[in-house]
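Step one of this worksheet: look at the structure below.
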There are 2 protein chains.
Amino acid sequence: MATTEKNKTKKQLIREAAARLFRDKGYSATSMRDLADAVHLKASSLYNHISSKEEILKDICFENAQRFLATMEEVERTQASATEKVKALLRLHIHTATEDITSVTAFNDEWRHLSEPYLSEFKALRKNYEGRFQAIIEAGIRSGEFQAVEPAIALYTLFSAVRWLYDWYKPGKKIGAEALEKQVCGLLMQGLGRK
Amino acid sequence: MATTEKNKTKKQLIREAAARLFRDKGYSATSMRDLADAVHLKASSLYNHISSKEEILKDICFENAQRFLATMEEVERTQASATEKVKALLRLHIHTATEDITSVTAFNDEWRHLSEPYLSEFKALRKNYEGRFQAIIEAGIRSGEFQAVEPAIALYTLFSAVRWLYDWYKPGKKIGAEALEKQVCGLLMQGLGRK
DNA sequence: CCTACCGATCGGTAGG
DNA sequence: CCTACCGATCGGTAGG
């Protein structure tokens, strides 16, 4: 029905405006009045499209978690080397950080404002993803592709190394998306020092 | 006077409890009642020691900024190679993240809740530090010590690569502070891939 | 250091 | 989709 379609669109608009506000001010400092202003509604009208502030956060967090896990599944199924697998995941992180406004919320700390049982559920998904990422790193160390680092340290260093992108990479930047991925991957895989 | 000494101590206790709460819940989600509970006072009694919630944030942010700039000054004065300078700064970041509870607030995004003119002032200090860090990276590229990466990309990658430490490095961990610094520095300078 | 309390703002609902 | 409004909670003050 047309009404359903329209509602869906509006809900999507609200969600994206919310993601932008959560990124800029944080979840707690974003009021429903702020969000309403951003989509040119009164606060009470938001509730025709969403059921609560937390629902927005929850949807954003879990949608992103599912997307990352789906890519992990794909990467695991390939017969690529550990190096190629890590690079593929890094590219996913970089690409998402620069292209999807909602990903920042899900990965740069706002998920902690989820209440139970969502908080535990989200943390479990996150831990699952991290564990599988770490397994790839461990396989790479065993195969001799990677240096003999502590896998957990490597995992979290890679993870957070790309966390600045969301507020640095603006459309106006001279560097292209591909060049950015190449530089960051290169830096993390080869290091800053010259060979 | 004894009273002054006592007040100072209590103020320090409040500040540390605040830093812990800001880290765990974020600045906005931390209420003065939360903070009062943490130091076993009523909310109104906090105001005998501090003048506002934002004052605590402001003090934490600027104190950390000054400390980082002071170390930058020291590092710049040495005649060390770019590699040694970058390592010294990385060690500062790693050490601070694991040892000083207040540093998280200043560097992991809570500073954005400062109001003007403090916000602009803090951002200027931050930009100053980043510019000087980037100059060291540029010198290292010119001298041939570093790969020919985009300096800004290298800067922010190093910067955020250590941002996970504050919630991972707990006293119970088996890895020592020195080993941690060595591993993270090694990873960022040499990369994950084997030579 | 506390009790008592302030106006402002919060997320959300009622009712049309 | 709006006006009108709810109880709860916010940062902070008065006064002792």
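All values below were derived from every heavy atom in this structure, side-chain atoms included, with hydrogens, water molecules and symmetry-related copies excluded. Reminder, nothing fancy here: chain letters follow the sequence lines and each chain counts from 1.
As rounded to whole Å, 9 Å separates atom P of dC10(D) from atom NZ of Lys53(B). At whole-Å resolution of the value, CG in Leu35(A) and P in dT9(C) are 18 Å apart. Distance CG (Leu46(B)) to P (dA14(D)): 17 Å, rounded to an integer number of Å. Leu21(A) places its CG atom 16 Å from the C1' atom of dC10(C), with the value rounded to the nearest Å. Nucleotide dT3(D) holds its P atom 14 Å from the CG atom of Asn48(A), rounded to whole Å. Rounding to whole angstrom units, CD of residue Glu54(A) and P of dG11(C) are separated by 12 Å. Nucleotide dC1(C) holds its C1' atom 14 Å from the CD1 atom of Ile50(B), rounded to whole Å. Going from atom CE of Met32(A) over to atom P of dC5(D) covers 22 Å, rounded to whole Å.
Phosphate proximity of dC10(D) to Ser31(B): present, with a side-chain N or O under 4.0 Å from OP1 or OP2. One finds no side-chain N or O of His40(B) lying less than 4.0 angstrom from the OP1 or OP2 phosphate oxygen of dC1(C).
Using a 4.0 Å heavy-atom criterion, one finds that Ser28(B) contacts no nucleic acid atom at all. When heavy atoms are screened at a 4.0 angstrom cut-off, Leu41(B) is found touching the sugar-phosphate backbone but no base atom. Nucleic acid contact class of Ser51(B) (heavy atoms, under 4.0 Å, all strands): none. As judged by a 4.0 angstrom heavy-atom cut-off over every strand, Ser45(B) is placed among the base-contacting residues.
Here the nucleotide nearest the side chain of Lys10(A), chosen from dT3(C), dG12(D), dC1(D), is dC1(D). Of the listed nucleotides (dT13(D), dT13(C), dC10(C)), dC10(C) has the atom at the smallest distance from the side chain of Arg33(A). Of the candidates dA4(C), dC2(D), dC1(D), dC2(D) carries the atom nearest the Lys42(A) side chain, counting heavy atoms from C-beta on.
Ring orientation note: the planes of His93(A) and Phe68(A) are nearly perpendicular, at an angle over 60° on the 30°/60° scale. Ring geometry for Phe122(B) versus Phe62(B): interplanar angle over 60°, hence perpendicular rather than tilted (30 to 60°). Note: Tyr27(A) and Phe22(A) have perpendicular aromatic rings, judged against thresholds of 30 and 60 degrees for the angle between ring planes. Tyr129(A) and Phe159(A) have tilted rings, their planes meeting at an angle from 30° to 60° on a 0 to 90° scale.
Criterion: ILVMFWY side-chain heavy atoms under 4.5 Å apart, direct or through other members. Under it, Val104(A) and Val184(A) are not part of a common hydrophobic cluster.
In this structure, Asn48(A) CG and Leu41(A) CG are separated by 8.5 Å, a value rounded to the nearest 0.5 Å.
A salt bridge links Arg132(B) with Glu73(B); the closest basic N to acidic carboxylate O contact falls under 4.0 Å.
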Using Watson-Crick and G-U wobble pairs with both distances under 3.5 Å, what is the 5'-to-3' dot-bracket string of DNA chain D, with [ ] for crossing pairs and | for pairs outside the strand? ||||||||||||||||
